[in-house]
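Everything on this sheet refers to the single structure shown next.
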Amino acid sequence: MTKAKVNIFIFCLFFLTEANLNAQNYLTKQFDYAKKLFNNEQYFDAITEFKRLLFFDEEGTYKFEANRFIGLSYKEGAKFSDAIFYFTLAEMNAKNDDELFESKMDIIRSNILRRTTSHAIELLDLLETDKRFSQRIKEIYYWKGWAYLFSDKWDDAANYFSQTDSNKTLSTFCKEVDKNKYSSSVAELLSIFIPGSGQIYTGHYLSGLLSLSWNLLWGYVTINAFIANRVFDGLAVGNFLWLRFYNGNLQNAKNFAEEENLKIVNQALNYLQFGYNGTKP
Amino acid sequence: MKKIFISIIFLCTISFPQENNSSAINLFSPINTKKFADYLFCQHDYLRAIEEYNRYLLGTSSDSIKFRIAIAYSKMGDYKQSIDEFMEVPEKSQLSPLAKLEIMKSLFQSGNFNELRNYFNLKISNNNFNEKKEAKSLYNFSFLFTNDSLPTEHNFYNAFHSDDLNKIKKFYNWKKDPPEKKSLTAGILSAIIPGAGKIYTNQFWDGLWAFITSVGFTYLSYDNFHAGHYFRGWLFGGLAVGFYAGNVYGSAASAQIYNAKIHFDFVNDLKDFLESHNYFIPVINFCK
């Protein structure tokens, strides 16, 4: 090969490389632009620009990043199902174990926020058994804690949080919430033996006393009818009045316990949303 | 030298698509904006597709794009905006007849049946319009959704294709004479025989239960008064009156619930039929 030939070959090679780099450069610029929109919390526009990037990125260089950022943008807009769809696409295009783990975690966190916590727990169970992520077991436990917390299983949440070094605060907090909650089975059980006592247990004294009075009245009328050998009367009053008030009392006790628990849980979640500074779903 | 020359040409043919793809490199060029908008449209991301189409229209004018924007608004359920956009399609455009049909569809979907009929009478019925039959189908169908008097059978049926005629006749007859239950009849029946009104509204077991409770408590009341147990007599009497009155009121309400249900089912059937026939409008697939 003469010197002239070599020079021409090098020129062409340079020409090709330059053209390729130029195209890459535009994609990088587009990625930076979309990311800037995301950082400025302009999520709608960020999604558009990441989608544009994906559309023109024929080689799929940004498939993981763009899909992940689209997912994150949808998540910020509380569109969790859309977010999970794009996180799944990111997961499919993960280039290494770290990216795979991150995208799986994104899916799990969106599931927690979407309140499909049982699915989040299933996914976390799978991650726990995956040997590739054995180094990140504490992180898995941390999110398991959050998944159980959102499933209203505060005791389980406390157990998982206690296994992560830095989060004794969360563990203590969950234990406290669990302790403050009323047991709906205890409320119901109390009302089985003494009508109205379940309501009194949950702090609804007037309702409890009213329930007790109605049950005493209809119980007395029913028993009185049986004593007077008027079985049919006893059955009618017992079935249509006493049993109805008695069942209502059981249901009421359970409902009051659940209502009070809801208040406690909402207060706790409110604290976690606005008062807790650690990593949240 | 010849070989070198061929090599250069070969390398350049490889590199040129990259360079010619400068349109692909400038992601915001009109052609790329349109490509991206088409992609978003076919992904059902209509809001973003509209934004991109509008950006594209800044530098050019296209009836087809205006039409797609209108379709996108319609798909998003923004019928007012959709109608405004369809109005933008010029009369001379090939898409104009379809745009008119789409306007009727949007008016239909937004429940503006009077406006739909006015539009049909003003813009379509007296004009030379090839898709008049489709428009007339939608026009006639609108009478099934309102309480306005129906067109005559002949006038109503002739707008539809013969394949659909059996179904259309069924809808027409239902609308003409809906199988409703009368509240007053149900109430009177239950006042005469407790529970009969419920049975009249197809609630057999409720009716039977109402009969047993009303009669049972009346008997218990009578029996207790007779035996000198006045407390229980009043108690059962009160229950009997309560059950009786509740049953009369419940029967009248049950007739109303029954009517609401059959009307709800009828409207759902109509909507399913319309959806399956794309509101009698020819389907254009923009996403082949």
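Just so it is clear: chains get the letters A, B, ... in the order the sequence lines come, proteins before strands, and each one is counted from 1. Note: hydrogens, waters and symmetry copies are ignored here, and every other heavy atom, side chains too, is used.
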Atom CG of residue position A:Leu235 - does it have more than 12 heavy atoms of other residues, nucleotides or ligands inside 6.0 Å? yes
Answer with side chain, backbone, both or neither: which region of A:Leu53 has an atom nearer than 4.5 Å to a non-hydrogen atom of chain B? neither
Select one option (side chain, backbone, both, neither) describing which atoms of A:Phe240 are under 4.5 Å from chain B's heavy atoms. side chain
Show, in sequence, the C-alpha distance, side-chain angles and deciding distance for B:Glu52 and A:Thr48, and conclude whether the side-chain contact (heavy atoms from CB on, under 4.5 Å) test is met. CA-CA 9 Å; B:Glu52 294 300 314; A:Thr48 309; 3.6 Å; yes
Does any heavy atom of chain A fall under 4.5 Å from the side chain of B:Gln43, the backbone, both, or neither of them? neither
B:Tyr219, OH atom: more than 12 neighbouring heavy atoms under 6.0 Å: no
Name the region of B:Asn224, side chain, backbone, both or neither, that has any atom closer than 4.5 Å to a heavy atom of chain A. both
Heavy atoms of other groups near A:Phe226 CZ, more than 12 under 6.0 Å: yes
Looking at CZ of B:Phe28 and CZ of A:Phe56, how far apart are the two atoms once the value is rounded to the nearest 0.5 Å? 9.0 Å
Crowding at CH2, A:Trp218 (>12 non-hydrogen neighbours, <6.0 Å): yes
Given side-chain contact (heavy atoms from CB on, under 4.5 Å), test A:Phe55 with B:Leu40 step by step and report yes or no. CA-CA 10 Å; A:Phe55 181 68; B:Leu40 290 171; over 6 Å; no
Please indicate whether A:Tyr74 has more than 12 foreign heavy atoms, meaning atoms of other residues, nucleotides or ligands, lying under 6.0 Å from its OH. yes
Does the B:Arg48 side chain pair with the main chain of A:Phe44, one donor and one acceptor, at a distance under 3.5 Å? yes
Quick one: closest heavy-atom pair of A:Ala225 and B:Arg232, and the distance? CA-NH1, 3.6 Å
Flag yes if more than 12 heavy atoms outside B:Ile212 fall under 6.0 Å of its CD1 atom; otherwise flag no. yes
Could you go step by step and tell me if B:Leu27 and A:Tyr26 meet the side-chain contact (heavy atoms from CB on, under 4.5 Å) rule? CA-CA 8 Å; B:Leu27 308 184; A:Tyr26 273 93; 5.5 Å; no
Could you tell me the separation between the CG atom of B:Asp45 and the CD1 atom of A:Ile47, rounded to the nearest 0.5 Å? 8.0 Å
